[in-house]
Student: 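I have a structure I would like to understand better, so I am pasting it below and will then ask my questions one at a time.
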There are 2 protein chains.
Amino acid sequence: MKTMPNDLLIARLQSHLALDESERNGLAGLPCQMRSMPGRNLALAGKLSENHVHMIIEGYACRYRDLADGRRQILSLLMPGDVIDLRQFVLGGMQPAVATLSVATLAAIPNASLFRLLEDHPRITTALWSTTLVEESISREWLVSIGKRSAIERMAHLLCETFLRLAAVGRTEGARFPLPLTQSELADALGLSTVHVNRTLQELRKSGQIAFQAGTVEIFDFNALAAQAMFSPDYLHLREMPLIGAVPA
Amino acid sequence: MKTMPNDLLIARLQSHLALDESERNGLAGLPCQMRSMPGRNLALAGKLSENHVHMIIEGYACRYRDLADGRRQILSLLMPGDVIDLRQFVLGGMQPAVATLSVATLAAIPNASLFRLLEDHPRITTALWSTTLVEESISREWLVSIGKRSAIERMAHLLCETFLRLAAVGRTEGARFPLPLTQSELADALGLSTVHVNRTLQELRKSGQIAFQAGTVEIFDFNALAAQAMFSPDYLHLREMPLIGAVPA
DNA sequence: CGGGCGCAATAACTTAGGTTAGGCGGAAAC
DNA sequence: GTTTCCGCCTAACCTAAGTTATTGCGCCCG
């Protein structure tokens, strides 16, 4: 049961760096408003307060960039446990746009409270830093995908990655997980066209690797899919990875 | 004159966050060994001590990933002022491989000294964190390039980005700057084939946009090149950007 | 000083993936 | 309850970029 927002934050931070009792207590004491985003495809641009740091509690969102002529690139998927606006918190200025991909609920922590907490507990700064480094690591892996992997490999890689990230926060059910993206959103994430995403999914279905309907993916043989994608999970920096073996072959 | 390694580090950190006197003094007092890497194309894997954080003082390097079947993706270019191994410092574990792209000289700071400094000056942690966030921001922009920009746009974008990054550390001369990459290294960075990099460079030359010979690039009209690439420099998070205007049109 | 090698250049040909254009079905809207 | 719209699917065709191959040059090395 990780629906308490502060617990989710603590769990996320501890997945990279062990925290002591007083640090955990400090985090647990952070004031934290819940904010629910009612629908999909909502740009969060003006909707999120600049004076708060937000974390996804439930649902999906993405970072994206639009080019002047309408091309769009989705830069990352954001899932429960992911913190959205640390860049803004640290560097100020703008960060890439964020939009929901499903109904979502966010937790909002006032910047000032977080600042105060970090003054008392400098190691929490390091823990938060870690989460941004992991995000960067994922970004880099996407770079490898888009730069060097074929369409099927890319798709397979994204599915493997998403499966493990969700498993780490308890959002998988066996080999199934929710993936509420349209094919054209997948296309924007993978640097492909919508049509080709469709072809690619057909191929993965026909070869019996996955099922994907109604926003739910099922991976029939994780290890095979991972091999095809040249997926290796180190870059996710998950400390525990009990689930790969647990997936039925 | 930024050849003193600690000064370069201070300058880099201050480009994101103003530091006070005692913080600057602390940084200036960091012990720091110089290490020179004699040639290009040296993987730094075993060569860098895990007990030090390294910064590039002179020369070029890159992060890269090799896939099992020989495909390679260059993930980022590292230039004077860039810190190489903060991920390892914070998260431990592996980070993507790094290789030199020219003769280079590095500064090595013992992890232990840095840890001690960060305990006394927590804001320096935030400043270091900022540098990794800027790197991430650049990664994301590469993602946009490889995902959505055409070959010429990609090349133009890389040249604009590199020009500004080098200008920020005083490594440009007017509109010229060193870029000691082979066409096949450029290909690995841009997600293109060597042949197509060649074609693309020819085209940029024929249209009078750039000169590129002997490892030196000259940009004849920065603003035009930036427009073609849909380059906008915000993502580099440079606080001062006096140089765009200064480039002759 | 001659042979080999890495890099740039270019040409000929192939292909993965993009583009355009429909059709089909379900769900929200009126 | 029909209309509209959006998402999925398919087919035909196109093109940007990949692949393979050859040449030539400068440089290091023997």
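Order of the sequence lines fixes the chain letters, A, B, ..., with proteins taken first and strands second; residue numbering starts at 1 for each chain. This structure is a prediction, so every number in the text was calculated from the model and none was measured. Basis for what follows: all heavy atoms, side chains included, without hydrogens, waters or symmetry-related copies.
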Student: Does the C:dG17 base have a donor-acceptor partner in the side chain of A:R154 within less than 3.5 Å?
Tutor: no

Student: Give a yes/no answer on whether the side chain of A:N198 brings an N or O atom under 4.0 Å of OP1 or OP2 in D:dC8.
Tutor: no

Student: Quick one: do B:E141 and A:R65 make a salt bridge, cutoff under 4.0 Å?
Tutor: yes

Student: Could you tell me whether A:E153 and B:R71 have a side-chain N and a carboxylate O separated by less than 4.0 Å?
Tutor: yes

Student: With respect to A:L48, which candidate in A:V53, A:V98, A:L106 satisfies the side-chain contact (heavy atoms from CB on, under 4.5 Å) definition?
Tutor: A:L106

Student: Quick one: B:I152 CD1 to D:dA17 P, roughly how many Å, whole number?
Tutor: 8 Å

Student: Atom NZ of B:K148 to atom C1' of C:dG17: distance rounded to whole Å?
Tutor: 13 Å

Student: Please lay out, stage by stage, how B:V134 and B:L236 fare under the test side-chain contact (heavy atoms from CB on, under 4.5 Å).
Tutor: CA-CA 6 Å; B:V134 172; B:L236 294 172; 5.7 Å; no

Student: Select one nucleotide: of D:dT20, D:dA17, D:dC9, the one nearest the side-chain heavy atoms of B:V195.
Tutor: D:dT20

Student: Across the strands shown, which category fits B:G215 at heavy-atom distances under 4.0 angstrom: base, sugar-phosphate, nothing?
Tutor: nothing

Student: I want to check one thing: is the phosphate of D:dC9, taken as OP1 and OP2, less than 4.0 Å away from some side-chain N or O of A:R205?
Tutor: yes

Student: Where the side chain of A:T182 is defined as all heavy atoms beyond and including C-beta, which of D:dT10, D:dG18, D:dC8 is the nearest nucleotide?
Tutor: D:dC8

Student: Between D:dT10 atom C1' and A:H196 atom NE2, what is the distance in whole Å?
Tutor: 14 Å

Student: What's the CD-P distance between B:Q183 and D:dC25, to the nearest Å?
Tutor: 17 Å

Student: Could you tell me how far apart A:I146 (CD1) and C:dA16 (P) are, to the nearest whole angstrom?
Tutor: 19 Å

Student: Measure the distance from CZ on A:R199 to P on C:dT20 and round it to the nearest whole Å.
Tutor: 14 Å

Student: With respect to the side chain of B:S150, which nucleotide from D:dA17, C:dG17, D:dC9 is positioned closest?
Tutor: D:dA17

Student: According to the interplanar angle, ranging from 0 to 90°, do the rings of B:F231 and B:F222 count as parallel (below 30°), tilted (30 to 60°) or perpendicular (above 60°)?
Tutor: perpendicular

Student: Does C:dA16 have OP1 or OP2 under 4.0 Å away from a side-chain N or O of A:R149?
Tutor: no

Student: How many Å lie between CG on B:L190 and P on D:dA17, as a whole number?
Tutor: 11 Å

Student: Atom CD of B:E185 and atom P of C:dC7: how far apart are they, to the nearest Å?
Tutor: 7 Å

Student: Give B:L201 one of three labels, base, sugar-phosphate or nothing, depending on what nucleic acid heavy atoms sit under 4.0 Å from its own.
Tutor: nothing

